[in-house]
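In what follows, a single structure is set out as structure tokens and then discussed.
Remember, it's a predicted structure, so these values are computed and weren't measured experimentally.
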There are 2 protein chains.
Amino acid sequence: MKKIKDENTEDQILNAAKNIFQTKGMDGARMQEIADKAGINKAMLHYYYRSKQLLFEAVFKNAFSLLAPQLNAILNDDSSIEDKIKNFTANYISFIIKHPYLPNFIIQELNRNQDFILKLKDRGFPSIEKFKKQVDEEINKGLIKPISAEQLFINIMALNIFPFVAKPLIKAITKSDDKHYKELIEERKTEVANFIINSIKTT
Amino acid sequence: MKKIKDENTEDQILNAAKNIFQTKGMDGARMQEIADKAGINKAMLHYYYRSKQLLFEAVFKNAFSLLAPQLNAILNDDSSIEDKIKNFTANYISFIIKHPYLPNFIIQELNRNQDFILKLKDRGFPSIEKFKKQVDEEINKGLIKPISAEQLFINIMALNIFPFVAKPLIKAITKSDDKHYKELIEERKTEVANFIINSIKTT
DNA sequence: ACTTAGTTTAACCATATGGTTAACAATAGT
DNA sequence: ACTATTGTTAACCATATGGTTAAACTAAGT
């Protein structure tokens, strides 16, 4: 009863669906297009995933499960805040270069359907508690200037994620072609960490 | 031949279209829903705007023409960089509180259709040249630490715009209800400017 | 060989959707 | 009052779309 194939149909579908959903979003995606990209019949999509909604959710959860560990790297790692910021910045940018549609996809779809995030709020969902303690500790030790952990976290996310989400806008305003945009992003692997640390480090 | 009315049909349509397009995006919006919200017949949409695409473009241009002056406030004002950052941060956040769907709408749609930005690139489209000169000048005068104008501009945009774009994510990770989220944002009116200035100000 | 269970296909279906049409209403100029 | 122009409506149309069905195919178990 097992199919001996290079890749089973279910995965072919999921990969095609990832591709289409992440570039066009839930509303812009067409089941026929996904089927075509997977090289199979449209009925197969429903055979394996029942509905567009369920197929989409499979893709979304999959995408989020890639992003979550990245965020947990700031929130739950044991290294110092300075080290975390340096590592996260370099790692996250490399990570997104490999998955360019991820941040946009997640942000867009979370905005489209606010309730949707409830379906994710468990197993490994990033949470800020530990980070809060760490920030307060380092402030007390005089290692960093006073700042709320929430604001610091928002700032770290913003500086790292935004340049990808707003790529078209940034390219237009800075009059960059793809090459120059890529250089800007590459620079940010160190630039962003320095910018943050400059701001919060005690002198 | 003029209609004496509280509001002419064309504007009613545009307002309804704004509402629907900005919350649901081009792909998620339905002409029927726009007509219903405007309280008119669906044929009127086509009578006044010919097609969904053209109606959408009217809404988009309108939205962008609100955002552009905000960005130009950093790029082309005559005040010092420090003052610009302080003013922009406070103003922009107040501005978005009034137009909460704006940044998301623009970013989402620019990502959906990359070519679309070409239709905007004229009259008052924000451009970074003047800001570049100013940054270099202030660095030379020793007022701020060395930083590329592009990176500084990206950082300013990121810290200000991202918290709105990523609202659902931030709310979930910081376990905030609407009230706490609003407080976080309110804090940022001064927090963000301090964060940036701390980082670039010479000591 | 035959049965059984899972897999795949083509054809089909109901509905939604953007858009059109033709008739009708209102208004202003004459 | 008559006419031309503009505004508005209901009915309609072609197509796209998510989803279903019934039949055919495949591979393993016996």
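Remark: side-chain polar atoms of K84(B) are paired, donor with acceptor, to backbone N or O of I74(B) under 3.5 angstrom. The backbone N or O of A172(B) lies less than 3.5 Å from no partner atom in the side chain of S176(B), so there is not a single donor-acceptor pair.
Taking side-chain N and O atoms only, R30(B) has a distance below 4.0 Å to OP1 or OP2 of dG18(C). Remark: T9(B) is in phosphate contact with dT8(D), judged by side-chain N or O atoms under 4.0 Å from OP1 or OP2.
You'll find a donor-acceptor pair under 3.5 Å spanning the side chain of K42(B) and the base of dG18(C), going by distance alone.
Looking at heavy-atom distances under 4.0 Å, A29(A) makes contact with sugar-phosphate atoms alone, never a base. Within the nucleic acid shown, Y48(B) comes within 4.0 Å of sugar-phosphate atoms alone, with no base atom in reach, counting heavy atoms only.
Comparing dA10(C), dT9(D), dG19(C) against the side chain of K52(B) picks out dG19(C) as the nearest.
Here the P atom of nucleotide dG18(C) and the CD1 atom of I34(B) are 8 Å apart, to the nearest Å. Rounded to whole angstrom, the span from the CD atom of Q53(B) across to the P atom of dT17(C) amounts to 18 Å. One interatomic measurement links the two molecules: CG of N41(B) to P of dA22(C), which rounds to 16 Å at whole-angstrom precision. The separation between Y49(A) atom OH and dT7(C) atom P is 12 Å, rounded to whole Å. Across the protein-nucleic acid pair, I20(B) atom CD1 and dT17(C) atom C1' stand 15 Å apart, rounded to whole Å. The nearest whole Å value for the distance from the CG atom in D36(A) to the C1' atom in dA16(D) is 14 Å. Y47(A) has its OH atom 16 Å from the P atom of dA22(D), to the nearest Å. The CE-C1' distance, from M31(B) to dG18(C), rounds to 7 Å in whole Å.
The side-chain tip of R112(B) does not point at the ring of F105(A) from less than 6.0 angstrom away and within 45° of straight on.
For the pair R30(A) and D36(A), the salt-bridge criterion is not met [side-chain N within less than 4.0 Å of a carboxylate O]. Using a 4.0 Å cut-off between charged nitrogen and carboxylate oxygen, K179(A) and E183(A) count as a salt-bridge pair.
Remark on DNA chain D: of its neighbouring residues A43(A) and Q32(A), the 5'-side contact belongs to Q32(A), judged by nearest-heavy-atom nucleotide. When each of M44(B) and H46(A) is assigned the nucleotide of DNA chain D bearing its nearest heavy atom, the one mapping closer to the 5' terminus is M44(B).
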